Amino acid sequence: MHILVCIKQVPDSAQIRVHPVTNTIMRQGVPAIVNPYDLVALEEALRLKDRTSARVTVLTMGPPQAESALRKALSFGADEAILLTDRAFAGADTLATSYALAAAIRKIRDDMPVDLVFTGKQTIDGDTAQVGPGIATRLGMQLLTYVSRIDRVDLERGEITVQRRAEGGVQVLRTRLPAVITVLEGINEMRFATMPDMFRAARYGLTVWDREAAGIGDVTKIGLKGSPTVVSRVFAPTPRAQKAEIIQTQSEQPDDLVATLLAKMFTKHPPLRAAICPRAVQRT
Amino acid sequence: MTQAPPSSKPAGRRKAELDPRFTSYKGVFVFIEHNAGAIHPVSFELLGEGRKLADKLGVELAGVVLAESDGAAEAFCAEAFFHGADLCYSATHPALAHYRNQPYTQTLTDIVNRHQPEILLLGATTMGRDLAGSVATTLQTGLTADCTGLAIDPDNRSLAATRPTFGGTLLCTILTLNYRPQMATVRPRVMGLPERDTSRHGRIIAEHPDLIEQDIVTKLLEFIPDERRDEANLAFADIIVAGGRGLKRPDNFRLVWDLADALGAEVGATRPVVQAGWVTADRQIGQSGKTVRPKLYIAAGISGAVQHRVGMEGADVIVAINPDPDAPIFDFATYGIVANAMQILPAMTAAFRQHTAAMKKAV
């Protein structure tokens with residue numbers, strides 16, 4: 001079995017700050033990490049590898065620095081890594097991104113058929129969750145998003161059974177391989193990299209493809225040109241007009257503070273009185 | 001997965017003329033999502049918002065209903081009319097009984113190609129995002145994910161879709177200039193619900209999806225409904241008590257549960273607390289969690305990072321408890337108590353219990 005895992009290098013969004021005057025993102029010093037959702041997908045692929053001796057290839061599209069994301073994936077146990085990098089890919093929206101990735105995956109499967117494509121449910125920088133569906137649609141592969149569990153892979157019949165998070169419950173779905181699976185967060189814990197894998201990852205000779213090497217002839221389908229969406233404005237959220245009214249009492253005792261708060265709140269916002277309806281049963 | 005970088009010129013003026021093959025695209029379509037016989041509230045929110053867009057453009061608002069049978073579809077169409085739709089496209093087929101990507105993508109794509117809307121909106125749910133991604137790729141058009149604001153650009157009549165980016169740190173407005181339809185998924189609970197007016201009617205246009213069950217590769221073996229008992233219903237809670245890292249230790253989170261019990265409230269949490277495993281992921285509020293609009297939001301030991309803020313600033317009243325007087329949460333909360341949440345929460349629980357006991361006596 002051959003599993004392809006699509007990953008993305010992203011800025012650690014928890015550490016992004018906005019310049020208070022210019023309203024632009026201050027990128028300096030923000031560490032680049034592997035999109036955490038993609039690591040959940042990678043671990044799921046590696047678990048299948050443990051069980052079935054599958055081959056795991058990681059693929060990323062990004063600037064040359066994205067190489068470090070691939071080496072990270074190799075250190076966890078991925079077998080092969082391919083970097084798709086070209087200035088022509090810059091400024092791609094999700095439609096143009098899935099075009100380029102689908103082209104690369106076609107080329108990969110010329111070498112060795114791909115049974116499963118795994119990726120995270122979304123990235124933490126774009127948050128779109130659109131590239132997985134895009135890849136599946138372009139390659140004519142079955143799509144299973146928000147997968148919380150892989151129940152069974154039946155290679156002889158070429159089938160996979162998974163649990164998929166849906167509104168109000170979980171769908172148990174069976175489909176035919178090859179399939180694209182986007183993996184829900186929190187379903188596994190990433191393993192630790194082993195020493196030998198870390199050494200191998202550091203020495204590994206990455207495959208690097210530019211546009212031509214990936215077999216992409218039509219430049220109108222990639223990068224900014226291939227993107228139907230354009231960003232017209234970027235801005236910081238408007239702050240709420242007023243700051244909080246800080247509750248103060250002479251004693252600063254919790255009971256007094258709370259009593260003052262309740263008195264104010266119920267006077268200024270009478271509907272809150274009716275909203276309160278305590279549960280009879282106490283939790284243990 | 002990055003969006004295109006902002007250009008120096010306002011994108012709207014780059015090309016005002018729409019490609020001739022798209023000039024016939026008219027009207028606003030809303031995909032009506034339903035689960036277990038009930039329409040998802042986000043579809044009503046979209047009808048309310050879609051009505052405004054359609055009125056501004058001077059076009060019709062249509063609901064798109066995909067269902068198992070005509071009977072089920074009719075009830076959904078009627079609800080769509082009550083909430084603002086002028087007409088509904090109703091596609092019925094036994095293969096559409098449960099959501100599956102392939103038959104839904106095929107049916108919705110066919111309806112779009114046949115009836116050519118300029119705007120197509122879906123809820124940013126697990127169904128809407130799965131479906132929208134496939135439909136937009138099939139149609140080769142632009143799709144803006146998880147929007148929190150929709151408007152019509154006055155310069156070129158384009159859909160201006162605003163969404164949080166970089167984990168909610170910034171907002172960006174995205175246009176799809178030369179492709180149709182302009183597609184967007186919209187985050188639940190961000191838009192208000194429109195009035196339900198049962199005197200409203202509309203036309204139903206029957207669609208006949210060309211589906212054969214044998215050709216659909218993916219089969220639903222089972223649907224396991226969530227257990228109601230412990231499921232967090234944050235999106236529609238009137239009161240939410242939420243805890244953050246300021247509570248220091250997982251056992252202190254019990255104080256949040258106690259206060260929630262005293263108020264009949266739901267319990268929410270920030271991402272770090274969920275990641276630390278203090279509470280389950282379905283209780284996470286913020287950019288990568290849920291968006292809530294309660295009447296009262298009590299934030300205990302939460303600093304108010306923008307990633308959390310985007311999910312809860314729609315609350316009517318926000319009470320913040322934090323020992324740091326400079327914590328960003330005090331910039332947008334209604335009331336603040338500068339103190340340790342571990343001391344304030346038990347006092348609050350007692351005070352609210354006393355309050356409800358007094359109310360009961362008064363009745």
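Proteins come first, then strands; the chains are lettered A, B, ... in the order of their sequence lines, and each starts at number 1. Not measured: the values here are computed from a predicted model.
Proximity of a side-chain donor or acceptor of B/Q102 to a complementary backbone N or O of B/V217 within less than 3.5 Å is detected. For the pair B/T125 (side chain) and B/G128 (backbone), a donor-acceptor distance under 3.5 Å is present.
The environment of A/H269 atom NE2 is dense: over 12 non-hydrogen atoms of other residues, nucleotides or ligands sit within 6.0 angstrom.
A/T161 touches chain B through its side chain: at least one heavy atom from C-beta onward sits under 4.5 Å away, while N, CA, C and O do not. Residue contact with chain B, scored on non-hydrogen atoms closer than 4.5 Å, involves the side chain of A/L261 exclusively. Proximity to chain A (any heavy atom under 4.5 Å) is shown, for B/Y335, by both the backbone and the side chain. For A/F266, the part sitting under 4.5 Å from any heavy atom of chain B is the side chain, from C-beta outward, and nothing else. Contacts between A/Q142 and chain B at a heavy-atom distance below 4.5 Å involve the side chain alone, from C-beta outward. At a 4.5 Å heavy-atom cutoff, the contact between B/E33 and chain A is made by side-chain atoms alone. In this structure, the portion of B/A262 lying under 4.5 Å from any heavy atom of chain A is its backbone and not its side chain. For chain A, the nearby part of B/T162 is the side chain; its heavy atoms alone come within less than 4.5 Å. Both the backbone and the side chain of B/D130 come within contact range of chain A, each with at least one heavy atom under 4.5 Å from a heavy atom of that chain. Only the backbone of B/M127 has a heavy atom closer than 4.5 Å to any heavy atom of chain A. Heavy atoms of B/T138 lying under 4.5 Å from chain A belong to its backbone as well as its side chain. For A/F89, no part lies under 4.5 angstrom from a heavy atom of chain B. Heavy atoms closer than 4.5 Å to chain B are found nowhere in A/A259, neither backbone nor side chain. Contact of A/L173 with chain B is made through backbone and side chain together, with heavy-atom distances under 4.5 Å. Interface remark: B/A351 contributes backbone and side-chain atoms alike to the contact with chain A (heavy atom separation under 4.5 Å). Of the two parts of B/V319, only the side chain, counted from C-beta on, holds a non-hydrogen atom closer than 4.5 Å to a non-hydrogen atom of chain A.
Contact count against chain A (heavy-atom pairs under 4.5 Å) is highest for B/Q140 among B/Q354, B/Q275, B/Q140, B/Q343. Comparing A/D255, A/L257, A/I246 by how many heavy-atom pairs each has under 4.5 Å with chain B, the most go to A/I246. When B/I329, B/T105, B/N35 are compared by the number of non-hydrogen pairs under 4.5 Å with chain A, B/N35 comes out ahead. Among the candidates B/N340, B/V338, B/I239, B/D238, the residue making the largest number of heavy-atom pairs closer than 4.5 Å to chain A is B/I239. Ranked by heavy-atom pairs under 4.5 Å with chain A, the first of B/I224, B/L221, B/L171 is B/L171. Among the candidates A/G62, A/A136, A/G134, the residue making the largest number of heavy-atom pairs closer than 4.5 Å to chain B is A/G134.
A donor-acceptor contact closer than 3.5 angstrom is absent between the side chains of A/T249 and A/D256. Side-chain contact of A/R138 with A/S98: a donor-acceptor pair under 3.5 Å is present, judged by distance alone. Residues B/Q284 and B/R271 have side chains that never bring a donor and an acceptor to within less than 3.5 angstrom of each other. For the residue pair B/T218/A/T175, the side-chain donor-acceptor check at 3.5 Å is satisfied. Judged purely by distance below 3.5 Å, without hydrogens or angles, the side chains of B/T126 and A/E167 pair a donor atom with an acceptor atom. Residues B/T349 and B/D258 have side chains that never bring a donor and an acceptor to within less than 3.5 angstrom of each other. Between the side chains of A/T145 and A/R164, a donor-acceptor pair is found at a separation under 3.5 Å.
Using a cutoff of 4.0 Å between basic side-chain nitrogens and carboxylate oxygens, B/R129 and B/D146 are scored as salt-bridged. Using a 4.0 Å cut-off between a side-chain N of Lys or Arg and a carboxylate O of Asp or Glu, B/D316 and B/K295 do not qualify as a salt bridge.
A/I160 has its side chain within reach of A/L144: a pair of non-hydrogen atoms, C-beta onward, lies under 4.5 Å apart.
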